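Just the heavy atoms: all of them, side chains too, but no hydrogens, waters or symmetry mates, feed the values below. Computed from a prediction, not measured in an experiment: that's the story for all the values here. Reminder, nothing fancy here: chain letters follow the sequence lines and each chain counts from 1.
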Amino acid sequence: MPFRFAIMFSLVLVSTGWGAEYDAFPDLNHDDPASLREATRVLEEEVKLAARSQTYLLLDLPAGAVRIKGRGVDLHRISILQWAASAPHQLTGTFRLVARPPVVRRKIDPSATTEQEPIALADMPTDYQLSFTPALRMEIQSVREEGIVQKIISSAADIWQKLKVWGLSRTDPPSPAEATVTLRLSVEQAQSLAWSTVDGMALIVRRWPDQ
Amino acid sequence: MARFFIILSLATLGLVAILFSSNPSDMRASGTSVTPPPVYDQARMDDLQARYKNASKQLSQFMPRQPYILVDTARNHLYVKRSHEVILDALASTGSGVVLDKPGEGKNQWVFDTPRGEFSVQSKLTHPVWVKPDWAFIEEGLMVPKNHADRVEQGVLGEYALGFGKGYFIHGTLYTRLLGKNVTHGCIRLNDSDLKSVYQLARVGTPIMIF
């Protein structure tokens with residue numbers, strides 16, 4: 001009888017799914033205090049968002065992903081190819097998206113005989129800006145399959161971007177300007193992010209630990 | 001001249017190496033001044049680890065314990081998941097995103113999007129009938145009937161329907177060839193067998209996450 005009870009108890013534990021040792025950031029180094037402190041800060045912010053019925057964004061820079069979440073559950077992950085952030089000390093707290101990227105919506109004409117084409121993922125913008133409050137600007141840049149000339153040009157642009165960022169990092173004291181995050185995504189992932197955002201959507205940022 | 005180019009190349013390489021050596025994998029940036037990392041003794045580390053575990057546990061308490069429905073409107077898939085396990089992966093049709101002017105209401109429009117966010121199953125119906133809203137007549141260039149009975153259409157929503165608020169339903173379709181496309185007025189369409197599975201797996205209160 002106790003044996004059967006133990007088996008049933010184990011099954012109940014397994015069936016509840018998420019398990020007692022849920023780890024929100026599997027990539028986290030639990031022995032690195034800076035990483036642990038940052039992850040804890042983000043989790044404590046996220047708990048407030050997960051308590052309400054809404055979907056929200058977690059920009060997880062160490063994991064290289066934008067995570068669309070609801071109730072703490074990962075609904076979808078968007079991979080980041082490269083990123084840059086200015087004024088990372090301002091990237092704490094919860095941000096709210098002012099407006100999703102504009103979409104050209106087709107209008108139904110009742111007098112027309114042909115049906116209007118629906119909006120598809122391919123109709124979404126590939127390079128755009130997302131503005132949040134408090135002041136945060138997220139620049140989305142898409143990366144296409146490139147030929148050798150484009151690769152040289154984009155490498156030069158990368159180096160220029162790094163030089164600018166390097167220059168900024170030497171600025172002391174930090175600039176009071178709004179924080180900016182630049183994300184480079186594949187075309188499909190950029191469109192997917194544009195598709196999935198909604199006005200007023202909450203965003204939290206997990207920064208790189210040395211920030 | 002050749003020596004000049006060699007020196008220039010070496011200088012460029014050196015600069016790039018400096019930039020990449022501190023930030024090897026991405027375009028990380030910091031606007032903050034450099035401060036020495038705090039010293040952590042074992043007691044502080046234990047405290048930090050306990051805080052992280054506690055926040056993780058708090059977050060996991062918001063996660064659905066029972067099966068929940070996840071809808072990807074960009075790729076037109078509906079999933080029923082339990083924890084991380086996918087119980088059902090169904091091809092769906094979701095909102096077309098097109099607009100229709102409301103006659104006599106200036107710039108007011110109907111926008112045929114599937115709403116995004118978190119919802120829950122509010123009703124479960126068998127043999128549902130469609131009570132056609134105004135837009136269903138207007139988009140076809142027809143007069144909106146005054147008689148309620150003229151709005152009722154049977155056999156177009158399949159065997160089951162699951163309501164999730166504001167007139168939105170998960171239901172069946174006669175147009176199975178359009179599954180996988182954004183063609184609806186905001187409802188979520190499934191084929192008959194997937195609809196039956198969702199109906200059986202979901203209860204009133206089952207969370208529906210839509211992104």
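Counting heavy atoms from C-beta outward, D31(A) and Q49(B) have side chains that approach closer than 4.5 Å. Here the side chains of I108(A) and F112(B) are in contact, with some heavy-atom distance below 4.5 Å. Considering only heavy atoms from C-beta on, R37(A) comes within 4.5 Å of L48(B) through its side chain. V47(A) places a side-chain heavy atom less than 4.5 Å from the side chain of F62(B).
With a threshold of 4.5 angstrom between heavy atoms, L70(B) approaches chain A through side-chain atoms but not through N, CA, C or O. Heavy atoms closer than 4.5 Å to chain B are found nowhere in Q191(A), neither backbone nor side chain. At a 4.5 Å heavy-atom cutoff, the contact between S53(A) and chain B is made by backbone and side-chain atoms alike. Residue contact with chain B, scored on non-hydrogen atoms closer than 4.5 Å, is absent for L49(A). For E188(A), the part sitting under 4.5 Å from any heavy atom of chain B is the side chain, from C-beta outward, and nothing else. Residue contact with chain B, scored on non-hydrogen atoms closer than 4.5 Å, involves the backbone and the side chain of A50(A) alike. Heavy atoms of L142(B) lying under 4.5 Å from chain A are absent altogether. In this structure, chain B has a heavy atom under 4.5 Å from the backbone of Q54(A), while its side chain stays farther away. Both the backbone and the side chain of L75(A) come within contact range of chain B, with heavy atoms under 4.5 Å apart. Only the side chain of Q109(B) comes within contact range of chain A, with at least one heavy atom under 4.5 Å from a heavy atom of that chain. Heavy-atom distances place the side chain of V198(A), and not its backbone, under 4.5 Å from chain B. Of the atoms belonging to T73(B), heavy atoms from both backbone and side chain fall under 4.5 Å from chain A.
The environment of CD in E139(A) is crowded: more than 12 heavy-atom neighbours from other residues, nucleotides or ligands sit within 6.0 Å. Applying the 6.0 Å contact sphere to NZ of K181(B) captures no more than 12 heavy atoms from other residues, nucleotides or ligands.
Taking every heavy atom of both residues into account, V98(B) and P118(A) meet most closely at CG1-CA, 4.0 Å. P110(A) and I138(B) make their closest contact through CB-O, 3.2 Å (heavy atoms, listed as atom of the first residue, atom of the second, distance). Looking at every heavy atom in both residues, G72(A) comes nearest to M63(B) through O-CE, 3.1 Å.
With sequence neighbours excluded, the residues forming a ring pair (Phe, Tyr, Trp, His ring centres under 6.0 Å) with F119(B) are F164(B), listed by chain and number. With sequence neighbours excluded, the residues forming a ring pair (Phe, Tyr, Trp, His ring centres under 6.0 Å) with Y52(B) are H30(A), listed by chain and number.
Heavy-atom pairs under 4.5 Å with chain A peak, among I210(B), N76(B), L59(B), at L59(B). Of the listed residues (L100(B), V183(B), N182(B), V111(B)), the one with the most heavy-atom contacts under 4.5 Å to chain A is N182(B).
Here D113(B) pairs with R105(A) in a salt bridge; the nearest charged N to carboxylate O distance falls below 4.0 Å. By the 4.0 Å N-to-carboxylate-O rule, E118(B) lies too far from K69(A) to be salt-bridged with it.
One finds the CZ atom of R75(B) at 9.5 Å from the CH2 atom of W195(A) (value rounded to the nearest 0.5 Å). From K48(A), atom NZ reaches atom CD of Q58(B) across 11.0 Å, with rounding to the nearest 0.5 Å. We find the OG-CG distance between S56(B) and L43(A) to be 4.5 Å, quoted to the nearest 0.5 Å. For the atom pair CG (D72(B)) and NE2 (H76(A)), the distance works out to 6.0 Å, reported to the nearest 0.5 Å. Taking CD1 from I68(A) and CE from M209(B), the interatomic distance works out to 12.5 Å, rounded to the nearest 0.5 Å. The line from CZ of R116(B) to OG1 of T197(A) is 8.0 Å long, rounded to the nearest 0.5 Å.
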Derivation of the side-chain contact (heavy atoms from CB on, under 4.5 Å) call for L36(A) and M45(B):
CA-CA 9 Å; L36(A) 204 52; M45(B) 273 306 288; 4.2 Å; yes
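At a heavy-atom cut-off of under 4.5 Å, chain A is reached by no residue from residues 198-208 of chain B.
Residue pairs meeting the side-chain hydrogen bond (donor to acceptor under 3.5 Å, both in side chains) criterion with at least one member in residues 161-179 of chain B, sequence neighbours excluded, do not occur.
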